[in-house]
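In what follows, every chain begins at residue 1, and chains take the letters A, B, ... in the order their sequences are listed.
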Amino acid sequence: MNMLTRRLIIAATASFVLVGQAVAQEKSIVVASTTSTQDSGLFGHLLPMFKAKTGIDVKVVAQGTGQALDTARRGDADVVFVHAKPAEEKFVAEGFGVKRHPVMYNDFVLIGPKSDPAGIKGSNDIVAALGTIKAKSADFISRGDKSGTHQAELNLWKVAGVDIAKDRGPWYKEIGQGMGAALNTASASNAYVLADRGTWLSFKNRGDLVIAVEGDKRLFNQYGVMLVNPEKHPSVKKDLGQQFIDWLVSSEGQRAIADYRINGEQLFYPNASDSGA
Amino acid sequence: MTQDVTALQLVLSGDPALFAIVRLSLYVSLSAVALAALIGIPLGAWIALTKFPGRQGVIVLLNALMGLPPVVVGLAVYLMLSRSGPLGAFGLLFTPGAMIVAQTVLVTPIIAALARQTIEDLWIEYRDELSAMNLGPLGRVAALIWDARFSLVTALLAGFGRAAAEVGAIIIVGGNIEGFTRTMTTAIALETSKGDLPLAVGLGLVLIAIVIAVNALAWTARRAGERLAG
Amino acid sequence: MRAPSSELPIEFDHVTLTAGGVTILDQITLTLAPGAPTVLIGPNGSGKSTLLRVAMGLLSPSRGRITWGGLEDVPPLKRAIVFQRPAMLRRSAAANIRFALRAAGIPRAEHARRTGELLELVGLAHVADRAARRLSGGEQQRLALARALARDPAVLFLDEPTASLDPVATKGVEDIIRAVSERNIKVVMATHDLGEARRLAGDVVMLHRGRIVERGVAVSFFDAPQTGEARAFLAGELLI
């Protein structure tokens with residue numbers, strides 16, 4: 001064997017040893033969650049506190065709600081923390097999740113260009129605003145990625161009496177990407193877009209975008225957390241995962257959520273005690 | 001990474017989070033290249049030296065696989081490594097190990113195809129001499145790989161470039177977990193989605209600088225080696 | 001100084017070699033025995049190189065039989081060849097020789113000494129550490145000779161060893177060939193340089209269109225060729 005081959009073998013062996021160590025060393029769980037919680041910086045705020053208290057490393061895989069639930073369904077996460085109540089309840093009913101715990105809510109805002117081509121700025125009636133957008137065929141960007149935000153958007157169209165699958169036209173663009181990408185697209189094409197407030201507040205490439213509609217109760221966005229069922233997937237770290245859930249809904253965790261602010265503005269409102277949420 | 005910091009400041013201040021991301025990127029991509037070399041060079045050499053039915057087809061396939069879409073590889077590796085997949089028991093998904101596996105799959109055809117070409121050219125030149133020396137197949141392969149080593153560096157660099165630049169595969173199998181599986185490219189994707197374009201561009205420049213540095217290093221080593229060995 | 005080897009004599013028995021419908025060697029019957037160098041002459045394309053490759057064992061006859069010391073299929077352990085354009089390994093001159101020593105199964109402990117001796121023999125000691133591919137044409141040819149000799153051969157095949165060399169380099173190579181022959185190594189050399197054939201040959205085999213047209217001891221071949229082809233070739237006419 002020549003020197004080159006020998007060196008390559010050494011390097012390869014070293015890689016696997018290192019990876020093995022990295023995996024073995026830590027007390028950690030994988031949480032499948034949404035881009036909105038990650039991009040808003042909430043996890044950056046919460047996780048160091050949780051780690052300091054319990055020593056548990058929380059590895060967040062940020063995906064759309066649909067994908068996050070699917071990741072959990074496959075057993076690739078220990079905890080799933082998303083915002084699409086019907087989908088969450090289905091997830092638990094199918095036996096993939098142990099129990100759904102309400103954690104907090106934030107709200108969606110309808111973002112649009114300063115020029116406001118649909119003339120809806122300042123309204124607090126999201127349903128009427130969407131109807132106007134449809135009537136005027138004003139450009140609208142949809143996530144189109146089965147995320148919680150996407151599902152909320154589809155639901156609002158339904159409430160507004162618009163069958164988006166049938167009534168859509170060139171003004172309605174599905175991009176199939178995350179919240180940030182949708183905002184980037186809206187900013188570049190002066191379109192309306194539904195966004196969660198957290199991502200909007202921490203989004204930096206706003207261009208001419210402003211909030212068009214906010215404050216409607218129907219824009220509230222409930223988050224739930226679930227332990228992946230260890231009976232379906234024995235690899236689930238149920239004790240560590242349960243510790244994380246318990247902490248989120250504890251008074252300490254709830255206070256930490258309420259304390260998180262961007263530019264002085266509160267993003268998430270804890271409501272674990274509201275069993276109907 | 002705190003907000004409102006420009007990429008330049010990040011780089012200049014030697015931000016530890018940035019340093020960790022750079023280190024992980026290099027670790028993942030270089031490991032993948034090392035593993036791919038271990039598989040791809042002998043594979044390329046074997047194809048170069050062996051006559052078998054369907055050889056032309058294998059060569060065409062190998063060349064085509066150089067352009068494997070990272071997203072497809074990421075998805076395939078994801079399904080393999082998922083707890084519900086055939087290799088789920090190893091618990092590799094969402095770890096740097098999974099990213100190394102995915103990039104190894106991406107890079108192996110590149111190294112194998114380029115190694116095959118290089119070694120075959122050299123084999124045509126050396127065939128008579130090595131046969132006359134009564135060298136067995138292993139001895140031939142060893143001699144060819146050793147003498148092609150400087151050209152093979154180019155194959156490794158092509159593989160490294162591919163690995164360091166791709167985001168589609170590692171973001172799927174690594175999960176872009178902060179401090180654990182976040183690399184240069186997945187961080188760029190994330191910062192772009194957060195609308196922090198200056199930071200994304202800054203990270204992109206850092207990535208390009210690293211790729212240039214690695215290439216320059218390999219180039220210098222190659223030149224020095226060639227001066228000595230011809 | 002050399003133990004009698006099983007390689008010699010090499011006997012061609014009606015050896016015919018065809019490739020793609022073309023007959024390259026046609027019914028060659030020939031014995032290569034120990035002694036002074038045998039020189040193959042003949043115009044380009046007459047089959048000299050192919051005959052050397054068959055004798056080396058690199059090509060198998062299409063028909064007929066070749067034996068080494070009476071045996072068939074003898075691996076080329078004690079045979080060596082220098083091709084017309086030898087490929088230099090991408091290593092130093094010394095490493096080229098060490099590679100040949102290793103391939104020949106010479107114990108590692110002897111490599112340094114043998115490498116030094118061989119480089120000395122071919123006059124390349126001063127460029128031992130230089131990249132082989134950066135040597136001049138004559139130096140490369142001499143290094144190829146040293147590399148062939150590293151196998152400690154009983155018989156050495158040389159294919160136009162001085163074809164592209166200037167007179168000084170040619171003399172250097174020929175001196176080595178003479179020295180090699182004096183060490184009881186059987187030299188079999190192809191050339192179309194008649195002067196070189198005269199200077200080195202013990203006996204001569206003349207090929208034309210894949211057939212042996214004449215053979216004999218060098219002195220009588222050059223002084224009194226028996227066939228029309230040989231006379232024409234020696235007279236410098238074009239043989240077609």
Go through the atoms of [X] and report whether side chain, backbone, both or neither lie under 4.5 Å from a heavy atom of chain B.
X: A:Val60; value: backbone
X: A:Thr35; value: neither
X: A:Gln67; value: neither
X: A:Ala62; value: backbone

Next item on the list: Test A:Asn205 against B:Lys194 for side-chain contact (heavy atoms from CB on, under 4.5 Å), laying out the working first.
Entry: CA-CA 8 Å; A:Asn205 183 33; B:Lys194 284 160 83 173; over 6 Å; no
Non-hydrogen side-chain atoms of [X] and [Y] separated by less than 4.5 Å:
X: B:Phe180; Y: A:Asp57; value: no
X: B:Glu178; Y: A:Leu47; value: no
X: B:Ser84; Y: A:Arg73; value: no
X: A:Phe203; Y: B:Asp196; value: no
X: B:Leu81; Y: A:Asp76; value: no

Atom [atom1] of [X] with >12 non-hydrogen neighbours under 6.0 angstrom:
X: A:Glu231; atom1: CD; result: no
X: B:Arg223; atom1: CZ; result: no
X: A:Lys146; atom1: NZ; result: no

Minimum heavy-atom distance [X]-[Y], with the two atoms named:
X: A:Asn184; Y: B:Gly195; answer: OD1-CA, 3.9 Å
X: A:Gly75; Y: B:Arg83; answer: O-CG, 2.7 Å
X: B:Ser82; Y: A:Arg74; answer: OG-NE, 2.9 Å

Note to self: Need one label for B:Leu190: side chain, backbone, both or neither, based on atoms under 4.5 Å from any heavy atom in chain A.
What the structure shows: side chain
Note to self: Please classify the contact of B:Ile171 with chain A as side chain, backbone, both or neither, using a heavy-atom distance under 4.5 Å.
What the structure shows: neither
Notebook entry, point to check: Atom NZ in A:Lys59, atom OG1 in B:Thr95: separation rounded to 0.5 Å?
Noted result: 8.0 Å
Check: When only pairs under 4.5 Å are counted, which of A:Ser187, A:Ser235, A:Ala181 shares the most heavy-atom pairs with chain B?
Finding: A:Ser235
Check: Counting heavy-atom pairs under 4.5 Å to chain B, which of A:Arg206, A:Met179, A:Gln38 comes out on top?
Finding: A:Gln38
